[in-house]
Amino acid sequence: MATALITGGTSGIGAAFARHLAARGYDLVLVARNSDRLDAMAAELHANSGINVETIIADLAQRADVARVATRIDDAQRPLDIVINNAGFGLHAPLTSVDPSQHEHAFDVMCRAVLVLGGAAGRSMKGRGGIIINISSLQTYLTTGSYAAIKAWVTAFSESLSGELRGTGVTVTAVLPGWVRTEWHERAGVRRSSLPGFLWIEPDTVVRAALRDARRGRVISIPTVRYRILGWFARHAPRSAIHWISSRISSGRSDAAQPGEGSEPQVMKADNS
């Protein structure tokens, strides 16, 4: 029986991956911080698809917890066929913050954990084959603060890992979604009404595109034609234009926080629950 491991697999895109893979008969290893949500998701998936679901309670900001997940990935007696690095959260703290702890937390969850777990997956899958999927963002191509910089790293890491694993039977795919209807935006305080309806896509759309592209060996997966077009323009437009667009987006976010609401924007927890 094929087995997939998903970090942040209890909500949003991670939960959509879990349901899709369970429906295809994959056993699952779900990684998240919240034990209640893990238990509920495991029960749902087993009841609906009859698969086996292993759960690992882990905070990917903690190195010891990341090491435990890496040990599970390395376990040759229980090999994994797919590893999906999905855990993450929105981050709107200014780069000029006096206290960099929010940025450091984001680096730990969305860079360091991806580095360690992606490396473990590549190492354990060499020779027998497998799929690694890292959830990045279309903000890879923008300059909208710490989150964009982190996701640019995830994309570059995925491309580099793909090159290193070429010829081993292991494929690596970075998924670059845009605005997806999940808890992520609700927790980040993004009002759906503030964006045109055509920009919103469903988690299932992201998952179908990601799994299709990963099986085809594509290193970059951008769901929907409209986002692929936007991504093409972002990659080929003059950097001065990208900087202007990014500054407009960033200033719009800053304007949304009214004086007196707090000295620092909060880290917006999402798919690492």
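Between the CG atom in L28 and the CG atom in L80 there is a gap of 10.5 Å [rounded to 0.5 Å]. Between the OG atom of S49 and the CD atom of E44 there is a distance of 8.5 Å, given to the nearest 0.5 Å. Summarising the geometry, atom OH belonging to Y141 is positioned 13.5 Å from atom NZ belonging to K151; distances are rounded to the nearest 0.5 Å. Within the model, atoms CD1 of I135 and CE of M110 stand 13.0 Å from one another, a figure rounded to the nearest 0.5 Å. The NE2 atom of H46 sits 9.0 Å away from the CD1 atom of I51 when rounded to the nearest 0.5 Å. The CG atom of L117 sits 9.5 Å away from atom CG of N134, with the distance rounded to the nearest 0.5 Å.
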| query | How far apart are the C-alpha atoms of H20 and D204, what are their side-chain angles, what is the distance that settles it, and do they pass the side-chain contact (heavy atoms from CB on, under 4.5 Å) test? | reply | CA-CA 8 Å; H20 270 259; D204 286 347; 3.4 Å; yes
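The closest side-chain heavy-atom distance from I82 to F17 is not below 4.5 Å. Using a 4.5 Å heavy-atom threshold, the side chains of L95 and H103 count as touching. L5 places a side-chain heavy atom less than 4.5 Å from the side chain of V69. In this structure, L165 and K126 have side chains that are in contact, with non-hydrogen atoms separated by less than 4.5 Å. Considering only heavy atoms from C-beta on, W153 comes within 4.5 Å of L115 through its side chain. Side-chain contact between V207 and R19 is absent, with no heavy atoms from C-beta onward closer than 4.5 Å. Within the 4.5 Å cutoff, side-chain heavy atoms of R37 are placed close to those of S11.
At distances below 3.5 Å, at least one donor-acceptor pair connects side-chain atoms of N86 with backbone N or O atoms of T7. Between the side chain of R208 and the backbone N or O of P223, no donor-acceptor pair lies under 3.5 Å. Checking side-chain atoms of D65 against main-chain N and O of D59 turns up a donor-acceptor pair under 3.5 Å. With hydrogens and angles ignored, the 3.5 Å screen pairs a side-chain donor or acceptor of S158 with a backbone N or O of V154. A donor-acceptor contact shorter than 3.5 Å links the side chain of R128 to the backbone of S124.
P94 and S97 make their closest contact through O-OG, 2.7 Å (heavy atoms, listed as atom of the first residue, atom of the second, distance). Contact between V31 and A58 at its shortest, heavy atoms only, is CG1-CB, 3.9 Å. The shortest non-hydrogen separation linking L45 to A22 is CD2-CB, 3.9 Å. In terms of heavy atoms, L38 sits closest to A32 at CD1-O, 3.6 Å. I150 and A106 make their closest contact through CD1-CB, 3.5 Å (heavy atoms, listed as atom of the first residue, atom of the second, distance). Annotation for A2 and D81: closest pair CA-OD2, 3.1 Å, computed over non-hydrogen atoms.
By the side-chain contact (heavy atoms from CB on, under 4.5 Å) test, R78 pairs with E54, R72, D75, sequence neighbours left out.
Defined by atom type and a distance below 3.5 Å, a donor-acceptor pair is missing between the side-chain atoms of T173 and S221.
Applying the side-chain contact (heavy atoms from CB on, under 4.5 Å) test between R228 and each of I220, L138, L176, I222 identifies I222 as the sole match.
The cluster map of Ile, Leu, Val, Met, Phe, Trp and Tyr, joined by side-chain heavy atoms under 4.5 Å apart, puts L21 and M1 in different clusters.
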